[in-house]
Amino acid sequence: MKMLILTNCFLFFLLMLVLVLGYVSYPGVRLEIQDKHIVMDNGIVQVTLSNPGGSVTGIQYNGIDNLLEVQNMEFDRGYWDVVWSEAGKNGTKGTLDRLEATNFTVIVQNEEQLELSFTRTWLPSLEGKIPPLSIDKRFIMLRGSSGFYTYAIYEHLKGWPAFNLDNTRIAFKLRKDKFHYMVVADNRQRFMPLPDDRVEGRGQVLAYPEAVLLVDPVEPEFKGEVDDKYQYSCESRNNRVHGWICMDLSVGFWQITPSYEFRSAGPLKQYITSHVGPTILSVFHSTHYTGADLVMKFRAAEEWKKVYGPIFIYLNALSNGESPATLWEDANQQTVYEIERWPYAFPASQDFPSSYQRGKVKGRLLVQDRYVTDGCVPAGGAYVGLAATGDAGSWQREYKGYQFWTITDDKGYFTITDIRAGQYNLYSWVNGFIGDYRCDNVINITSGCEVDVGELVYEPPRDGPTLWEIGIPDRTAAEFCIPDPNPKYINRLYVKHPDRYRQYGLWERYAELYPNEDLVYTIGTSDYKKDWFFAQVNRKIDNNTYQETTWRINFKLDGVNTNGTYKLRLALASVHSAELQVRVNDSEANPPLFTSGVIGKENTIARHGIHGLYWLFSIDVQGTLLVQGNNTFFLKQPRNISPFQGILYDYIRLEGPSSLTSNI
Ligand SMILES: *[C@@H]1O[C@H](CO)[C@@H](O)[C@H](O)[C@H]1NC(C)=O
Ligand SMILES: *[C@@H]1O[C@H](CO)[C@@H](O)[C@H](O)[C@H]1NC(C)=O
Ligand SMILES: *[C@@H]1O[C@H](CO)[C@@H](O)[C@H](O)[C@H]1NC(C)=O
Ligand SMILES: *[C@@H]1O[C@H](CO)[C@@H](O)[C@H](O)[C@H]1NC(C)=O
Ligand SMILES: *[C@@H]1O[C@H](CO)[C@@H](O)[C@H](O)[C@H]1NC(C)=O
Ligand SMILES: *[C@@H]1O[C@H](CO)[C@@H](O)[C@H](O)[C@H]1NC(C)=O
Ligand SMILES: CC(=O)N[C@H]1CO[C@H](CO)[C@@H](O)[C@@H]1O
């Protein structure tokens, strides 16, 4: 017995020794400054940057000289960039700038850590040539770490020109001879075609340049498939880790985003991730799935500073005999580890506050929907977040500040930690209920504060009882009829997949399902899962002609309160250059009962999204417009220039007048 204990102690001691030595045995981090290059090396990874530009020109790992595409010019391998335009320009098409720095500085250099800074400032002589921003790109390498961190500080000073910023990100272009397998999620991973397969001859451009039909790919297995980077976009809340695997050498290249506090527009904003190239992106701001509302606009008088990142570029490799799937599992474990360490303590910039400099908000969210809930009920599983002060729902168009979101527990309790100092509103939305919540009190976050907001009650828009409803209020059109794709335009990944909507060309299926008559939905007999097409698009007549559509909702009222006001709630999941006109019982009424005007530039239909921005319209319907018996709402979308114009509905509801006693 004694012997056993001694043996155990000895084994334990040995184990500790191995662990300690193992740790200590990692070499210190080394820096080598050359004329045109700077090399960071921790014995695991060696990263080469251009001096003083601050582009990543080489990543050496696991015996591979460079994981980045060596055939590309040095500036075109790993780089931060922006797309920008001068103030007053409309639209989302600007000029690309790779943020080549002019100055290089070592911020931290010791055995444990390196932090490098590559800066560029703005000067009046550069007006119109580069965006009026000072840029500080940082790269961090830690001892024993299989990768490196990067973040950047952007600043616009008062008096610098007004301008627009459309997009900013960091991109890595990997070796196309090595990285062929791409992973965006557990159920979104596949072998990818080559960039060569997209060029003329091998690929045929479809309705827009991003979508290409692979007619003669190098690898015949991809023949007949559609490739489009938007098929791999991802909501910010789920966009934590993605990347590529090199099967031959069993190496994974991942980008890990432990927090999305710095990404624009909150948890539901969709960003592109990895795509054919092989390219791996960390996009911090873009107009995708939102449109011109998300062009960042700066006034000349405006002072602004923002930190994007840090993100972690993580590399892993297999030991003998392991399956490549373990690289993805390991990248997920690493992501959990990075999230636990957030906010990182090691970045040296004063502009990146540590945990103790940040604040905390806790409380409880309840929801009270008259006619549905019996008093207040806990809002379980709801997103609650802090974002710049604004109207309810303004977070989905917010981009200059930081956002901090969490999910309530079953009882509606929430705690949001590590919030940067500043002033915020608290926002929420609750699946199953329409509308947006905002707590009217501005919340002042200071270093180390702990704010208890107590019990908050969200009262969603509601005037009277539900007479009928279509769909589920969840800000997407996912529950509606999503057709099978045209067999000529398949991405095999999304066959028998929950994200059926990511297939190319679904908008054209409408004309096939409804060749002559538009969609008619009858309350009581129709089933929204089958009978409500996910998008109200134009009907294709021929290659360049599209026909407007008018959808009908038939419903029966047993009685009508002609004195009362009924309410039609139209929650939309996305709109693109479309107008929604509503008429009741008279399809020609002029003016219509309601029109939204032309709204939305979200491009969700072309980009295989199931939602873009959330819109809610509440329309009064006087009882005098309704009849006992059969009635019809006409939903007309009269704009018919392009196949991508249209409306994705989230949910539709008719409420009776508030007092039922006088009804019927
Ligand atoms: C930009 O759009 C606004 C609003 O739609 C319009 O008033 C303005 O004339 C446009 N400017 C340019 C340069 O097209
Ligand atoms: C670059 O660094 C040098 C010396 O560190 C400094 O004098 C100069 O002002 C810097 N230039 C810019 C554009 O920041
Ligand atoms: C927020 O807190 C800071 C620091 O305590 C204080 O200076 C500021 O006046 C406060 N602002 C508001 C609106 O309460
Ligand atoms: C429409 O385009 C397709 C593909 O480009 C072509 O085959 C077809 O002939 C065109 N149809 C018309 C009516 O122009
Ligand atoms: C509508 O209002 C008028 C005048 O107030 C009243 O005489 C009538 O009874 C009301 N009708 C119903 C159905 O409530
Ligand atoms: C009312 O609509 C139902 C279902 O569409 C139909 O069967 C019925 O004939 C209609 N009644 C009248 C009076 O038009
Ligand atoms: C007042 C009115 O226009 N009523 C019409 C409502 O719609 C039904 C069905 O389309 C018609 O039968 C009514 O005449």
Side-chain angles (χ1 to χ4, degrees), residues 431-434 466-486 498-503 505-540 546-556 567-576 578-585 587 594 596 600 602 604-605 608-619 621 630-640 643-655:
N431 275 347
F433 301 91
I434 59 172
T466 300
L467 298 182
W468 50 259
E469 58 190 346
I470 301 172
I472 305 165
D474 62 355
R475 296 182 178 235
T476 86
E479 69 271 31
F480 296 127
C481 166
I482 296 167
D484 288 331
N486 184 328
D499 299 355
R500 294 160 54 81
Y501 58 85
R502 296 188 193 273
Q503 294 281 10
L506 300 183
W507 57 87
E508 288 197 349
R509 306 302 276 179
Y510 179 76
E512 292 160 24
L513 285 167
Y514 301 91
N516 307 308
E517 299 276 317
D518 277 328
L519 184 151
V520 178
Y521 190 92
T522 302
I523 300 295
T525 57
S526 299
D527 174 0
Y528 65 76
K529 294 188 198 78
K530 294 195 305 241
D531 302 320
W532 191 269
F533 197 73
F534 77 105
Q536 184 172 359
V537 286
N538 292 314
R539 177 185 292 105
K540 184 172 175 172
Y546 302 94
Q547 194 176 47
E548 65 188 38
T549 57
T550 302
W551 288 9
R552 277 180 288 167
I553 303 170
N554 291 332
F555 60 102
K556 190 172 174 192
K567 195 76 128 193
L568 182 66
R569 308 282 184 187
L570 288 166
L572 311 183
S574 192
V575 189
H576 186 67
E579 175 182 356
L580 176 54
Q581 297 179 349
V582 179
R583 292 177 173 81
V584 61
N585 289 340
S587 63
F594 167 83
S596 63
E602 298 160 32
T604 301
I605 293 164
H608 335 289
I610 201 63
H611 76 85
L613 292 173
Y614 179 72
W615 306 76
L616 177 63
F617 297 107
S618 294
I619 300 152
V621 185
N630 289 351
N631 293 268
T632 303
F633 277 117
F634 299 90
L635 305 177
K636 179 171 180 175
Q637 200 298 100
R639 308 284 159 168
N640 61 342
F644 307 124
Q645 286 178 300
I647 298 163
L648 273 70
Y649 295 88
D650 166 31
Y651 170 75
I652 305 176
R653 172 168 87 209
L654 183 67
E655 294 168 19

State, to 0.1 Å, how close L648 and G609 come at their nearest heavy-atom pair, and which atoms those are.
-> CD2-O, 3.9 Å
Pairwise side-chain contact, F644 with V537, heavy-atom cut-off 4.5 Å (strictly under) | no
Side chains of Y649 and Q536: is there a donor and an acceptor less than 3.5 Å apart?
-> yes
Using modelled atom types only, decide if a donor and an acceptor are shared between the side chain of D531 and the backbone of Y521 within a distance under 3.5 Å.
-> no
Does E579 reach the main-chain N or O of Q637 with its side chain, forming a donor-acceptor pair under 3.5 Å?
-> no
Looking at the rings of F617 and F594, which for Trp means the six-membered one, are their centres under 6.0 Å apart?
-> yes
Is R569 close to S618 at the side-chain level, that is, under 4.5 Å between some pair of heavy atoms?
-> yes
Would you call the rings of W532 and F480 parallel, tilted or perpendicular if under 30° counts as parallel and over 60° as perpendicular?
-> tilted
In short, Y528 meets I470 closest at the heavy-atom pair CB-CG2, 3.8 Å
So, do L506 and P485 sit near enough that their side-chain heavy atoms are less than 4.5 Å apart?
-> yes
Taking atom types as modelled and ignoring hydrogens, do the side chains of D474 and N431 form a donor-acceptor contact shorter than 3.5 angstrom?
-> no
Derivation and outcome, side-chain contact (heavy atoms from CB on, under 4.5 Å), residues V575 and L580 | CA-CA 9 Å; V575 189; L580 176 54; over 6 Å; no
Within-4.5 Å side-chain heavy-atom neighbours: D518 and Y510 | yes
Once you round to the nearest 0.5 Å, how far does NZ of K567 lie from CG of L654?
-> 11.5 Å
Distance col, row E602:CD vs W615:CH2, nearest 0.5 angstrom, shows 6.0 Å
Verify, without hydrogens or angle tests, whether N538 (side chain) and R639 (backbone) share a donor-acceptor contact under 3.5 angstrom.
-> yes
Output the distance between atom CD (E512) and atom CG (D484), rounded to the nearest 0.5 Å.
-> 11.0 Å
Rounded to the nearest 0.5 Å, what's the gap from CD1 on I647 to OG1 on T549? Could you check?
-> 8.0 Å
Between CG on residue D527 and OG1 on residue T522, distance to nearest 0.5 Å = 12.5 Å
Lys NZ or Arg CZ of R583 over F634 ring: under 6.0 Å, within 45° = no
Taking all non-hydrogen atoms of both residues, which atom of I434 and which atom of P473 are closest, and how far apart?
-> CG2-CB, 3.9 Å
Considering all heavy atoms, the nearest A573-R475 contact | CB-O, 3.7 Å
Could you tell me which non-hydrogen atom of E517 sits nearest to which non-hydrogen atom of R552, and how far apart they are?
-> OE1-NH2, 3.9 Å
Report yes if the side chains of N630 and N554 come closer than 4.5 Å at any heavy-atom pair, otherwise no.
-> no
Which heavy-atom pair separates I482 from I610 by the least distance, and what is that distance?
-> CD1-CD1, 3.9 Å
Could I get the full list of side-chain contact (heavy atoms from CB on, under 4.5 Å) partners for N516, not counting sequence neighbours?
-> none
Rounded to the nearest 0.5 Å, how far does CZ of F534 lie from NE2 of H611?
-> 13.5 Å
Sub-3.5 Å donor-acceptor pair from the side chain of R653 to the main-chain atoms of T466, do we have one?
-> no
Sub-4.5 Å side-chain heavy-atom contact between L572 and D650 = no
Between F555 and F633, what is the ring plane arrangement, given parallel below 30°, perpendicular above 60°, and tilted in between?
-> parallel
I523 side chain near L467 side chain, heavy-atom distance below 4.5 Å = no
